[in-house]
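Okay, so here's the structure we're looking at.
One-based numbering along the sequence shown.
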Amino acid sequence: MPKSKVGLFIPTLNAATVLPKTLAVIQQSDNWLYRKLVIDSESTDETESLAMAAGFECRTISQQEFTHGKVRHWASEILSDCDYIIMMTQDVKLTPNAIRNLIMFIEQYPNMLVAYGRQRVDMHKGSIFEYKARLFNYPAHNLVKTKADIPELGVMTAFSSDAFSIYSQPKLREIGNFPDDINFAEDNYMAATGILKGFEVGYCADAEVKHTHHYTLLGEYQRYISIGKFHRQNPWIQKSFGRNESAGIKSVFSEYGFLIKKGYWYLIPYSTARFGAKFLGYKRGQY
């Protein structure tokens, strides 16, 4: 059992088709949770009724008012009586012990701001490229990252994910909570802020979820426009942690080696096209 009061938060929008299985797993972990919260963006389906039936408190935020930062800031305020808050997205698929393992992990580290779980790909929906990206970003071993790791890890020191993560509420408040106006990469923003304030960012490989996005070339291009825009608006991150392009180059060669090793060498031209789409999108977002 947890030593602390733990809240769980999910921002939702028309999630009725994906929520039932997620809610069922959460209910199996109810003895680990003190409160459960959904903030819904004016869904037109049964999202809210499903959440309330599973014991969630429900609030509503208008789609015009919604930002990724604002909804998480609000959730932290609503769950202010919790020591920790798990933040996850509606489309992740939890493994049975994911919640328990994530809580037990962060409770070991009194100086940790945030810990995030391991993401795997549902290969019935994802691609070999997404599978490799998950291996690159979510290794098989736990990590505890601090400011001292910046020379070795660079921007990856501040890598995090709000698809499935847990925050220390006191530390979240100490660094000012999520900015209301941030609408992309809020996880990276908070992790970078925490690292520079002297806190730890953790990764728990035993807290596993499936999270799948099958991006097209256009989808990758558009996503990296957002990433480029984020770094243009927050130049202090690359100034403090190093250039984002360095991690990108490592990813390119890692993916090429993986494709060759697994016998998918014939996909290297498409892999190159994907990296090209990402690079062009990133550069466009920076201007």
Side-chain angles (χ1 to χ4, degrees), residues 7-13 15 37-41 59-80 82 84-92 102 106 112-119 133 137-138 145 155-197 199-204 207 209 211 213 215 219 222-241 244 247 281-282 285-286:
L8 183 144
F9 162 62
I10 310 174
T12 57
L13 173 62
L37 172 70
V38 153
I39 299 181
D40 186 68
S41 298
R59 304 285 194 279
T60 301
I61 187 170
S62 70
Q63 294 184 24
Q64 291 75 23
E65 189 182 5
F66 176 92
T67 68
H68 286 287
K70 188 167 191 172
V71 75
R72 286 168 173 81
H73 191 139
W74 189 22
S76 176
E77 291 179 342
I78 294 170
L79 301 175
S80 61
C82 295
Y84 295 98
I85 177 171
I86 294 173
M87 297 193 179
M88 57 180 287
T89 54
Q90 66 185 34
D91 59 339
V92 300
L102 193 62
I106 198 170
M112 188 168 284
L113 166 69
V114 59
Y116 59 99
R118 186 179 192 183
Q119 295 184 33
N137 291 324
Y138 301 93
K145 299 179 288 186
V155 293
M156 292 302 290
T157 312
F159 179 82
S160 187
S161 173
D162 281 342
F164 184 57
S165 60
I166 184 168
Y167 284 84
S168 162
Q169 286 273 54
K171 294 174 182 59
L172 190 58
R173 287 190 287 270
E174 188 173 336
I175 65 172
N177 214 319
F178 289 87
D180 287 350
D181 60 352
I182 194 166
N183 203 29
F184 187 84
E186 77 289 341
D187 43 16
N188 182 201
Y189 184 99
M190 298 308 293
T193 302
I195 288 285
L196 295 181
K197 292 287 186 179
F199 295 124
E200 298 164 340
V201 170
Y203 164 66
C204 179
V209 300
H211 191 216
H213 294 292
Y215 290 115
Q222 293 171 333
R223 178 167 169 261
Y224 272 77
I225 289 176
S226 297
I227 294 174
K229 183 178 179 181
F230 169 76
H231 283 288
R232 174 170 56 84
Q233 294 172 336
N234 298 281
W236 60 271
I237 294 179
Q238 293 197 67
K239 184 178 180 180
S240 301
F241 292 88
N244 203 46
Y282 183 77
Q286 288 188 311

Mind checking the [atom1]-[atom2] spacing from [X] to [Y]? Nearest 0.5 Å is all I need.
X    : Y    : atom1 : atom2 : value
H231 : S226 : NE2   : OG    : 11.5 Å
I225 : Q286 : CD1   : CD    : 12.0 Å
L79  : I85  : CG    : CD1   : 4.5 Å
I182 : Q233 : CD1   : CD    : 8.0 Å
R173 : E77  : CZ    : CD    : 9.5 Å
L8   : M87  : CG    : CE    : 10.0 Å

Indicate yes or no for a side-chain donor-acceptor contact from [X] to the backbone of [Y] under 3.5 Å, with no hydrogens or angles considered.
X    : Y    : answer
Q90  : L13  : yes
T67  : D181 : no
D162 : T89  : no
R232 : G228 : no
K145 : I195 : no

Residue set satisfying side-chain contact (heavy atoms from CB on, under 4.5 Å) with N177, at least two apart, ordered chain then number -> H73, S76, L172
Y138 ring center within less than 6.0 Å of F164 ring center =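 F164 vs Y138: aromatic centres not under 6.0 Å.
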Output field: ring centroids F159/Y116 closer than 6.0 Å |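 Yes, they do, as the ring centres are separated by less than 6.0 Å.
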Do the side chains of V114 and F199 get nearer than 4.5 Å, heavy atoms only?
-> no
Just wondering, do R72 and P11 contact through their side chains at under 4.5 Å, heavy atoms?
-> yes
Can you sort out the partners of E174 under salt bridge (charged side-chain N to carboxylate O under 4.0 Å, His left out), two or more places apart, ordered by chain and number?
->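 If we apply the salt bridge (charged side-chain N to carboxylate O under 4.0 Å, His left out) test to E174, skipping adjacent residues, there are no hits.
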Test salt bridge (charged side-chain N to carboxylate O under 4.0 Å, His left out) applied to K171 - qualifying residues, sequence neighbours left out | none
Might you point out which heavy atoms bring [X] and [Y] nearest each other, and give the distance in Å?
X    : Y    : answer
Q119 : S161 : NE2-OG, 2.7 Å
H213 : H211 : NE2-NE2, 3.2 Å
S168 : I106 : N-CD1, 4.3 Å
I237 : A192 : CG1-CB, 4.2 Å
L102 : S165 : CD2-C, 3.7 Å
A158 : N188 : O-ND2, 3.1 Å

Residues in ring-ring contact (aromatic ring centres under 6.0 Å, His included) with F230, at least two apart?
-> none
The side chain to side chain donor-acceptor pair (under 3.5 Å) partners of Y189 (sequence neighbours excluded) come to none
Pairing residues for T12 by the side chain to side chain donor-acceptor pair (under 3.5 Å) criterion, not counting sequence neighbours | D40
Worked check of side-chain contact (heavy atoms from CB on, under 4.5 Å) between S160 and M190 = CA-CA 9 Å; S160 187; M190 298 308 293; over 6 Å; no
Apply the test side-chain contact (heavy atoms from CB on, under 4.5 Å) to residues F178 and T193: give CA-CA distance (whole Å), side-chain angles for both, the deciding distance (0.1 Å), then the verdict.
-> CA-CA 10 Å; F178 289 87; T193 302; over 6 Å; no
What do the steps show when you test K229 against F184 for side-chain contact (heavy atoms from CB on, under 4.5 Å), and what is the final call?
-> CA-CA 9 Å; K229 183 178 179 181; F184 187 84; over 6 Å; no
side-chain contact (heavy atoms from CB on, under 4.5 Å) assessment of M156 paired with N137 = CA-CA 9 Å; M156 292 302 290; N137 291 324; 3.5 Å; yes
